[in-house]
Amino acid sequence: MRSRIEKDGGLLGTTGWAGSRRAEQRAIRVGTWLVLLALVPLCGAGAFVIAELRSATDLRDQAREVDASVNALVVMNELRAGLLDERNWAAASVGAEDLGLDDATIEDVLGFSIEDQRRTAQREVDELIGRHADPALAASLATLRQELPREYTKVGDAYATLESRVADSSQRQVDRLLVVAGEVDGGSGLIDVLRILESATLARQATTALVTEYFALEFAGAADADANIDELVEQRELYLIAMSQIARMQRPDSHVAVAASIISESPEARSFTDAASQLTDELLTTGFDVRPTAAESEPRVDPFGELVDIFLDGVESSRQHLGLIDAAADDVTDVSASLSQEADDSLRSVIIRIVALAMISLTSAVLLARVIRRPLRDLSTAARRLRDGDTGSPPQPSGPAEVREAAQAISEAAGHLALAEQQAKALAQGAFDHPILAQTAPGALGASLQEAVQTLAASLSDREEFRRLLTHEATHDALTQLANRRAVMARLTESLARTRRTSSSLAVMFLDLDDFKGVNDHHGHLVGDAVLRTVSQRLLLAVRKGDHVGRLGGDEFLIVAEPVSGFREALRLAERLLDAVQLPIAHGDGLLAISGSVGIALVDDSTNLNAEEVLRDADLAVYQAKSRGRARIELCDEDLRSELERRTRLEDAIRTALAQEQLRLHYQVIVDPATGTASALEALVRWQHPVDGLVGPDAFIPFAERTDLILDIDRWVVVEAARQLQTWTGDDGLARVPVAVNISGRHLVADDFVDSILQPLADAGVRADRLIVEITESALLDDLDNAAHKLEQLRAAGVRIAIDDFGTGYTSLAHLRTLPMDILKIDRSFTVDPNAASLVQLIIDTGHLLGARITAEGVETIDQATALTKMGADELQGYLYARPVPPDELDLAGRGTRTENVPAESG
Ligand code: C2E
Ligand code: CA
Ligand code: CA
């Protein structure tokens, strides 16, 4: 158990908490993890998309380049065709010049002007060159046109250079396109149409060349004929190859297919081709020599008209083939455009995919947040709350299964903690039998908690029990189980407050057993304890419900009766208490009777006293009760209180009297009846009060005896008596008479008692046998052994001992044996009581038997003196002989002179 707690303590220690909090702050949030997680595939997808985008962009750029190249190529081809056209018209113009035909004539015959056609062709070429934006070519062309040879056959050569430059450029364009097309996806279609364009260009070139060569043959001399024939044959072959290639490669719905079908169905093309074929075949079979040239021979029958037709067919055929090129170029443009379109489409689709991907990412991020992050956040909030001790708001299970499980776990943990909290509260409130303590949370933790709770509950309940016991002990008297002094005083304080609040009355009763000391002395302490217990039980039964009974100590009890209607009710209750106490108590084999005295203090809302003051009042009353006899009830009223005040004042006054030497000693003569002389003097204290005059000892000695003041008085008396004895030394009469001083019981028990008697005598230089010490019987009996020992010491020193007031105490005569005494003084009450004669006789006889001298006190009449003397009294003391008088009034010789003045002074 202990090790577990320590371990837990370590886990829950400050550093542990702080560490985990730091970790919590340092850790990456789940949202970040999720974003990172989502970023990984997103990055991959992004990279893929970027690659796609790049390839789509590349494709589009390539398509754009192809498009631009195709445009350039088309222009180039148009330029090439235009140049051929221009060359043909230039050649026609030169040819017509050679034939001596002016343009007007030609226009008349043909219906059009060759020069016009030539100019038109030149304009078209200029325009194309302008589009081609080749200044070098434009310059070369301008020079060529200016310096054009005026000879038909030379015209072609003159243009050939320029043509080849354009052709080269065109070819380069085609080559580049083919390279690009080879790289482009779907470029094979482009390659096809480019090849067709090449073939169309070739066919057109061949056609135009055929026209040129044809007419060159017609017009040229034999010198060049072979070359021309070869050229013609070759061009024808080229043409046929090109056309068959086109026919093979063309797609049915292409522009080229349409243009080719136009050509194949064109009568002009066929007629020119036929004418060219015929001429070729003719020349190849007959040989050139047999055939005169147009220039040398006479013109054939309408040979010119026939040539013109052929020329026009050739021109038309050439134009149609130009259309073929345009168609092929259109096809190229179409393919390139569709490539471009495809590129654009793919780029668009890539962009669409990027957008879609981005949206999917965004949506999934949002979904992720909803599905995972929010429940996780709620979970973390719940966990934090739990950590901060809020067990009241368990998390709602939502989100993925793991999160739900965690939420469930936190919820259960919160339940455990809430249970633990409630159990701790129950324990703290000391509700050890609360049903919540029996509840067990599931699992090992629950079992361990339950075990801890049970252990704790048991130990706390033990401790509570122990505490109750301690409290009980602290507030209860061990012997009687009544409330002890402190507790009953606390109750009294509460009751006083309540009484004042409710304007009611209460009675506080101080009950003191009478002569409980005697019970202890005669029956032993065990019986004494049993008596106290019995009395306690009876008091508890006698009081009303709600009244408090407590033991102040010894044989003193305090009863708080609250409320009481007044003195009568209090009195009834007090009587009931005394009745209960006075019932005989069984002990051993006998019965024991005991009584008590009660002092009542009544408190109403006009009384403004605290508990101690009320207790003092009740104490005062019980003291009064005791002083007035046994089994009495006294109320502390104003008289009693003023009595208390009086005593307080008296106490102060006695102190003052001692300090200011207001005390005096008077002396009374004690007479030996046999001789009639003074055998002793008794010193009796008086108070010379500055206001009240001479005050007798009864007014202050009994009071002083209840305090230590009596010690001071007694000591003063001894010192004063010794001083007086010293002054009488040498006096004839007084020097031989001893002086008796009265010593109180309180003085007798003082440690320095013997010294306090002998020392003043020594100081005064007075012999000890001149002093007699009078001690009352009751003072002796309080602690006989100790008293006897001390008195023996005094006797050893020479001081005589007299037992005063004998007969008032409870001493049996048998006791006298053990009392150290020289003189027995029979109390005045026996002297004056004629019925006590036999008792007095018994005392005198017993005293004499024990070797004591007997003094009879209070002898006022001759009869008393006579009777006592007859009974054997050794000395007599009383007003019959003398009153106590100041030392200077002492008259030992005339001791009887004042007997006639005996007043009725009485005790
Ligand atoms: P006590 O010791 O018994 O003293 C004798 C008392 O009886 C004296 O009263 C005395 O005046 C009185 N008395 C003597 N003869 C007669 C008589 O014929 N008739 C009547 N009625 N009374 C007579 P006192 O002086 O008032 O003393 C009273 C008590 O005061 C003494 O009684 C003694 O107990 C006590 N006391 C007096 N002086 C002292 C003292 O110095 N120390 C102490 N401790 N007690 C003293
Ligand atoms: Ca006396
Ligand atoms: Ca006496």
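The model shown is predicted, which means the values in this text are computed figures rather than measured ones. Just so you know, ligand 1 is whichever comes first in the structure, and atom 1 is the first atom listed for that ligand.
- When V669, I670, L681 are each tested for a side-chain contact (heavy atoms from CB on, under 4.5 Å) with V737, only one passes: L681.
- Atoms of ligand 1 lying under 4.0 Å from any heavy atom of V717, numbered from 1 in the order shown and given with element: 41 (O).
- The closest side-chain donor-acceptor pair between D514 and S595 falls under 3.5 angstrom.
- Remark: ligand 1 atoms within the under-4.0 Å shell around heavy atoms of G858 are 16 (C), 17 (C), 18 (O).
- Proximity of H747 to ligand 1 is not established, as no heavy-atom distance is less than 4.0 Å.
- Distance check for D805 against the Ca ion (ligand 2): none of its N/O/S atoms falls below 3.0 Å.
- T866 and D863 share no donor-acceptor pair across their side chains, judged by distance under 3.5 Å alone.
- Of all N/O/S atoms in D804, OD2 sits nearest the Ca ion (ligand 2).
- If you number the atoms of ligand 1 from 1 as listed, the ones under 4.0 Å from a heavy atom of E860 come out as 17 (C), 18 (O), 19 (N), 20 (C), 21 (N).
- The shortest non-hydrogen separation linking I757 to P760 is O-CD, 3.3 Å.
- Residue pairs meeting the ring pair (Phe, Tyr, Trp, His ring centres under 6.0 Å) criterion with at least one partner in residues 713-738, sequence neighbours excluded, are Y667-W728.
- Counting heavy atoms under 4.0 Å from ligand 1, residue E682 touches it through the side chain alone.
- In summary, E774 places an N/O/S atom under 3.0 Å from the Ca ion (ligand 2), meeting the contact criterion.
- Residue-ligand proximity, G878 to ligand 1, at heavy-atom distances under 4.0 Å covers atoms 15 (N), 18 (O).
- Applying the 4.0 Å criterion to heavy atoms of P697 picks out, from ligand 1, the atoms 24 (P), 25 (O), 26 (O), 27 (O), 28 (C), 30 (O), 37 (C).
- A donor atom on one side chain and an acceptor atom on the other are found under 3.5 Å apart for T729 and R770.
- With hydrogens and angles left out, the side-chain atoms of T727 and Q724 include a donor and acceptor closer than 3.5 Å.
- In H666, neither the side chain nor the backbone holds a heavy atom less than 4.0 Å from any atom of ligand 1.
- Checking N742 against the Ca ion (ligand 2), an N/O/S atom falls under the 3.0 Å cut-off.
- Ligand 1 lies out of reach of E705, whose nearest heavy atom is not under 4.0 Å from it.
- The structure places CG of L602 at 10.0 Å from CG of D637, a figure rounded to the nearest 0.5 Å.
- Every side-chain contact (heavy atoms from CB on, under 4.5 Å) that D763 has, sequence neighbours left out, goes to Q759.
- At least one heavy atom of R828 sits closer than 4.0 Å to an atom of ligand 1.
- Atom numbering of ligand 1 starts at 1 in the shown order; those under 4.0 Å from a heavy atom of D714 are 42 (N), 43 (C), 44 (N).
- In terms of distance to the Ca ion (ligand 2), the nearest N, O or S atom of E682 is named OE2.
- Atoms of ligand 1 lying under 4.0 Å from at least one heavy atom of D805, given by number and element, are 3 (O).
- Distances below 4.0 Å separate heavy atoms of P884 from the following atoms of ligand 1: 11 (O).
- Using a 4.0 Å cut-off between heavy atoms, R686 contacts ligand 1 through its side chain alone, with no backbone atom that close.
- For atom 37 (C) of ligand 1, the nearest non-hydrogen atom from the set I713, L684, L663 comes from L684.
- The pair R646-E643 meets the salt-bridge criterion, since a charged nitrogen lies less than 4.0 angstrom from a carboxylate oxygen.
- Residue T776 does not touch ligand 1, judged by heavy-atom distances below 4.0 Å.
- Salt bridge R641/E638: present, at least one basic N to carboxylate O contact under 4.0 Å.
- No N or O atom of Q877 sits closer than 3.5 Å to an N or O atom of ligand 1.
- In terms of N/O distances under 3.5 Å, ligand 1 is approached by N742.
- In this structure, D477 pairs ionically with R551, as a charged nitrogen and a carboxylate oxygen lie closer than 4.0 Å.
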Evaluate the side-chain contact (heavy atoms from CB on, under 4.5 Å) criterion for residues L539 and V535: first the C-alpha distance (whole Å), next the side-chain angles of each, then the deciding distance (0.1 Å), finally the verdict.
CA-CA 6 Å; L539 291 178; V535 167; 4.0 Å; yes

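- For a threshold of 3.5 Å applied to N or O pairs, the pair formed by V685 and ligand 1 contains at least one separation below that value.
- Counting heavy atoms of neighbouring residues, nucleotides and ligands inside a 6.0 Å radius, atom CD1 of I862 does not exceed 12 of them.
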